[in-house]
Structure formats: C-alpha cells, structure tokens
Amino acid sequence: MQMTNVPQAATLDDASSVSRSLALAFADDPAMCWLFPDPATRPAGLDGYFTTLFTRQYVRHGVCERTADAAALWMPPQAQDKAVPDAQTLGELAALLGDRAEPFQRSVEAAAANVPQEPHWYLAVIGTDPAAQGRGQGAALLRSGLAKADAQGLPVYLESSKEANLAVYRHFGFEVLEEVRLPEDGPALWVMRRGARG
C-alpha cells in the first residue's frame, strides 16, 4: 500500500519532486504571480525559485517534509537567523527573478524587520500539487510541523498572500496578526500566528 499522505523527511535527493510540487501549488499564488508576472515563464521560474530555497536554505537549516505530491519547509527556533536568505542565496534568486529582483529584495528586508522576537517555529512554505489537493496531504504536513512546535510549547508564524487559504489556517488555530502590502503595488500579505500548545 502506498502511503502518500504520510509525511517523510525531505532530503537533497528529493529536490526535484519538492520543487515541482511547490511550483505547481504556487502557480496562481498572488505573491508568486507578482514576482513572476509572465505566465509563459512562471513555471520554470517557480521551479528554480523553490529549488534554490530548498537546496540552499531549508534542507540545510530547516525541517523539510514531503508526501507524494506536497511539501512543507519549516524553520525551527534554533535556526531563526537562517529564515532570511543569505547573500549567495539572494544572488541566485536575483538571477532567476531578473527585473523583479529588487522588489523581492525589499520584500525580504521588510520581512526580516518584522521577524517575531519570541522563540517560534516558522512555516515558510507549504503546498500541494493542485491535481492532488483535497486528499489530505497538505493537512498531514501541517499537522506534523504543528506537532513539533507543540512538543516544544512554542508558537508558529506564517505569511500567506492567498486570502482563500486564511480559513484553512484558522481551522488549524492560526489568527491574523496584521495585513501588510508588498512594495511596488504588490499583493497583500497576511501575517498569522498560532499560539503555543501542549
């Protein structure tokens, strides 16, 4: 029996499947559409974007899990300084983003300035291939990460630029702290927090 909904640790060997699942999941995300405005090049851009974040940042310093068609990238409290891309990662992303690199850089700086001071888990990215949505893979990954935070009695933060996802996160105990606007007529971004449990 294939256990498609059971979260497994994602390693560098999973880079292509993780980035593919996330690229498909974020193809219509407002922030990603803002960063990759050309629909013709967006799929390749997103694939490269998530490959870079996964291989250079999250698989090295974070907690990465996957199912058959979904992935989640978390940053635990002891690695909070790694939640913001380093200079080399930013350079690789800038090459992918082209003329969208400067707005992206300003967004990263704004996010870094608003990082919560309390110890916390940060859910950087979670997504499911749309062809497999509604089968519980994303929920299984979310529960897995929340359980890790709960085991440490710590809160969880995330940002979402897709308003339709807010209800899903609220179902899991998140509340909106604030709504911010990305620069250069960028989309809204909702900062959400789930209090410590356990």
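With sequence neighbours excluded, no residue satisfies side chain to side chain contact (heavy atoms under 4.5 Å, CB included) with A25. With sequence neighbours excluded, the residues satisfying side chain to side chain contact (heavy atoms under 4.5 Å, CB included) with E178 are V180, V191.
Defined by atom type and a distance below 3.5 Å, a donor-acceptor pair is missing between the side-chain atoms of Q133 and T128. One side chain, W121 or Q152, offers a donor N or O that lies under 3.5 Å from an acceptor on the other.
Clustering ILVMFWY residues whenever any of their side-chain heavy atoms sit less than 4.5 angstrom apart, transitively, puts L158 in a cluster other than the one holding F50. At a threshold of 4.5 Å between side-chain heavy atoms, the hydrophobic network of Ile, Leu, Val, Met, Phe, Trp and Tyr places L96 and L90 in one connected group.
Between R66 and S21 there is no side-chain heavy-atom pair separated by less than 4.5 Å. Inter-residue side-chain proximity for E118 and L154 is flagged as unmet; no heavy-atom pair is nearer than 4.5 Å. Contact annotation: the side chain of L166 approaches that of S160 to within less than 4.5 Å [non-hydrogen atoms, C-beta and beyond]. Side-chain contact between M75 and H61 is present, with heavy atoms from C-beta onward closer than 4.5 Å. When side chains are defined from C-beta on, L46 counts as touching F36, because their heavy atoms get closer than 4.5 Å. Annotation: side chain of E184 is in contact with side chain of R100 (closest heavy-atom distance under 4.5 Å). Two residues are said to be in side-chain contact when any heavy atoms from C-beta on lie closer than 4.5 Å; V125 and F26 meet this criterion.
Results of the side-chain contact (heavy atoms from CB on, under 4.5 Å) test with S19 over T51, T55, D14, T52 single out T51 as the only residue that passes. With respect to F174, the side-chain contact (heavy atoms from CB on, under 4.5 Å) criterion is satisfied by exactly one of N165, L146, V168: L146.
Distance alone, capped at 3.5 Å, places no donor-acceptor pair between the S144 side chain and the A140 backbone.
In plain terms, the two heavy atoms of P119 and P155 that are nearest each other are O-CD, 3.4 Å.
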> Would K148 and E65 count as a side chain to side chain contact (heavy atoms under 4.5 Å, CB included) if you check the C-alpha gap in whole Å, the side-chain angles of each, and the deciding distance to 0.1 Å?
Replying inline: CA-CA 12 Å; K148 292 172 178 59; E65 294 187 320; 3.0 Å; yes
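Under the 30°/60° scheme for interplanar angles, the aromatic rings of Y157 and H120 are found to stand perpendicular.
R56 has a carboxylate O that lies under 4.0 Å from a charged side-chain N of D86, or vice versa, which qualifies the two as a salt bridge. Between R42 and D29 there is no salt bridge, since none of the side-chain N atoms of the basic residue sits less than 4.0 Å from a carboxylate O of the acidic one.
Distance OG1/T67 to CG/L141: 4.5 Å, rounded to 0.5 Å. Distance CG/L22 to OH/Y49: 10.5 Å, rounded to 0.5 Å. M32 CE to W34 CH2: the interatomic distance, rounded to the nearest 0.5 Å, is 9.0 Å.
Other residues, nucleotides and ligands place no more than 12 heavy atoms under 6.0 Å from the CG atom of D185.
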